[in-house]
> 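Just dropping this structure here.
Quick note: numbers below take in every heavy atom, side chains included, and nothing from hydrogens, waters or symmetry partners. Model, not experiment: these values are computed from the prediction. The chain is numbered in sequence order, starting from 1. All ligand and atom numbering here is 1-based and tracks the order in the structure.
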Amino acid sequence: MRTLSALTLLLALVATAPAVAQPAQKIIFDTDFAFPPQDDAMALFFVLNSPELDVLGITTVAGNRSVNVATADVLKILEATSRSEIPVYQGAAAPLLHTGTEWDTKRHGGWYANEPAPQPPGGFAVSKKLESQGAIDYLVATVRKYPGQVTILAIGPLTNIAMAMRMEPRFSGNVRQLVIMGGALASLADGGGNHTPNAEFNFYVDPEAAQIVLRSGIPIVLSPLNVSRKARFTKESYDKIVAVDTPITRLVKDTMGPGYQQRPDRVALMYDQVAAVALVAPELIKTVELLVDVDINPAANYGVSVGAPQIWPGGEGARKMQVQTDIEWDRFIRLYIERVTSTRPAAKR
Ligand SMILES: [Ca+2]
């Protein structure tokens, strides 16, 4: 009887106890960053205001522009938003093997030329400095320090991540999860490429790195163009963001306002933002489990990702991952805007 009473009391205590807050997810933000309207910056704004995420560090890589631009721009954004406590590490200046051709010079992306960074809007960061440690060393050391705890949000070419895997054989086994913006799956709806007919930009820039990473065995959530194409940022969302005045929304207004003035009907796909939101609210994004690999043959399908529910001839290297295919748009964009306009500081370590 006494035992029963004690048990009843215990159950009552458990029922009335306040919910224990989950510790923030440790993440590393790996990026081919550039100022808005570029998507990496718009993804970072969401991450900076998400208390569920503990941004251990930001690592930069060549992609949309040179790695120098990525570094200069992210330092400036952190300074302008008073988030200088987040360390920044510079990574790979070029893909593992891929070198740019004349064809690439006529298309989007400055990854093939190690151009020095021009001044970001408002000038270079003054007090916020780059860490002396390189991105690959930082990735290896951080995953070693927190085995099984670090999620990497990889929203540029996968060069840094592949190099960390090559440098430290235990790296892959100790990463908690990779959330990758990259690829396009022609076997699903909306799966054409955005750079070559079938290749998505991040995977096209460094196909060898993408293949190494996708075959690593790390649990992967892949955010391909199939889902990016369902996330269309319009002036309606822009207007809601700039209606609130914060250091972040001022940056959005200064950098995106002129574009909307010129063309109010412009639409920007939210490539990297979908991957970022998936860290906080995975329930808003539908996924399917598929085996995915990347073609590294230097031919018509260089950098093309291929996915299927079962192995196909030539696809023996493919690994299982969660592939995002659809989005619950209304709730997604509401959460995105709510966070980007928030003044709530992210969780501190
Ligand atoms: Ca990116």
Side-chain angles (χ1 to χ4, degrees), residues 27-48 53 55 57-78 86 88-95 98 100 104 107-112 115 117 120 135 139 151-162 178-184 193-195 199-207 209-210 213-214 220-229 231-233 251-252 255-256 268-279 285 294 303 305 324 336 340:
I27 71 157
I28 297 175
F29 189 96
D30 184 71
T31 174
D32 56 339
F33 199 86
F35 254 65
Q38 212 250 340
D39 55 334
D40 295 67
M42 298 300 279
L44 182 63
F45 293 152
F46 177 88
V47 165
L48 289 178
L53 305 176
V55 188
I58 297 176
T59 50
T60 58
V61 67
N64 286 299
R65 306 280 297 276
S66 71
V67 72
N68 305 313
V69 175
T71 301
D73 280 10
V74 81
L75 291 173
K76 178 67 181 183
I77 293 265
L78 291 175
I86 299 173
V88 178
Y89 305 85
Q90 183 156 300
H98 196 187
D104 292 302
R107 281 158 183 83
H108 172 75
W111 53 274
Y112 49 81
E115 59 162 339
L139 282 159
T151 293
I152 302 173
L153 177 64
I155 54 175
L158 291 167
T159 321
N160 288 342
I161 316 301
L178 271 168
V179 180
I180 297 171
M181 191 283 129
N194 64 351
H195 199 69
E200 176 276 334
F201 177 77
N202 285 344
F203 280 14
Y204 168 81
V205 169
D206 201 337
V213 173
L214 261 56
I220 289 176
V221 176
L222 188 67
S223 188
L225 292 182
N226 309 68
V227 74
S228 322
R229 289 182 170 124
R232 297 162 62 83
F233 189 87
L251 274 167
V252 172
T255 50
M256 296 175 76
L269 298 184
M270 302 173 75
Y271 307 98
D272 294 344
Q273 298 95 314
V274 175
V277 171
L279 293 171
I285 301 159
V294 180
S305 46
Q324 298 179 342
Y336 178 79
V340 169

> Do the side chain of Tyr336 and the main chain of Met42 share a donor and acceptor less than 3.5 angstrom apart?
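Yes, Tyr336 side chain to Met42 backbone: donor-acceptor pair under 3.5 Å.
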> Atom CZ in Phe29, atom CD1 in Ile155: separation rounded to 0.5 Å?
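CD1 of Ile155 is found 3.5 Å from CZ of Phe29.
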> Among residues two or more places apart or on two chains, list those pairs meeting side chain to side chain donor-acceptor pair (under 3.5 Å) that have a residue in residues 268-278.
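Counting only pairs at least two positions apart or across chains, no side chain to side chain donor-acceptor pair (under 3.5 Å) contact touches residues 268-278.
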> What closest approach, in Å, do Phe201 and Asn194 show between heavy atoms, and which atom pair accounts for it?
N-OD1, 2.9 Å
> Between Tyr204 and His98, is the gap from one ring center to the other below 6.0 Å?
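Between Tyr204 and His98, the centre distance is under 6.0 Å.
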> Keeping waters out of it, list the protein N, O or S atoms under 3.0 Å from the Ca ion (ligand 1).
Asp32 OD1, Asp40 OD1, Asp40 OD2, Ile155 O, Asp272 OD2
> Inspect the surroundings of CZ in Arg232 and state if more than 12 heavy atoms from other residues, nucleotides or ligands are less than 6.0 Å away.
no
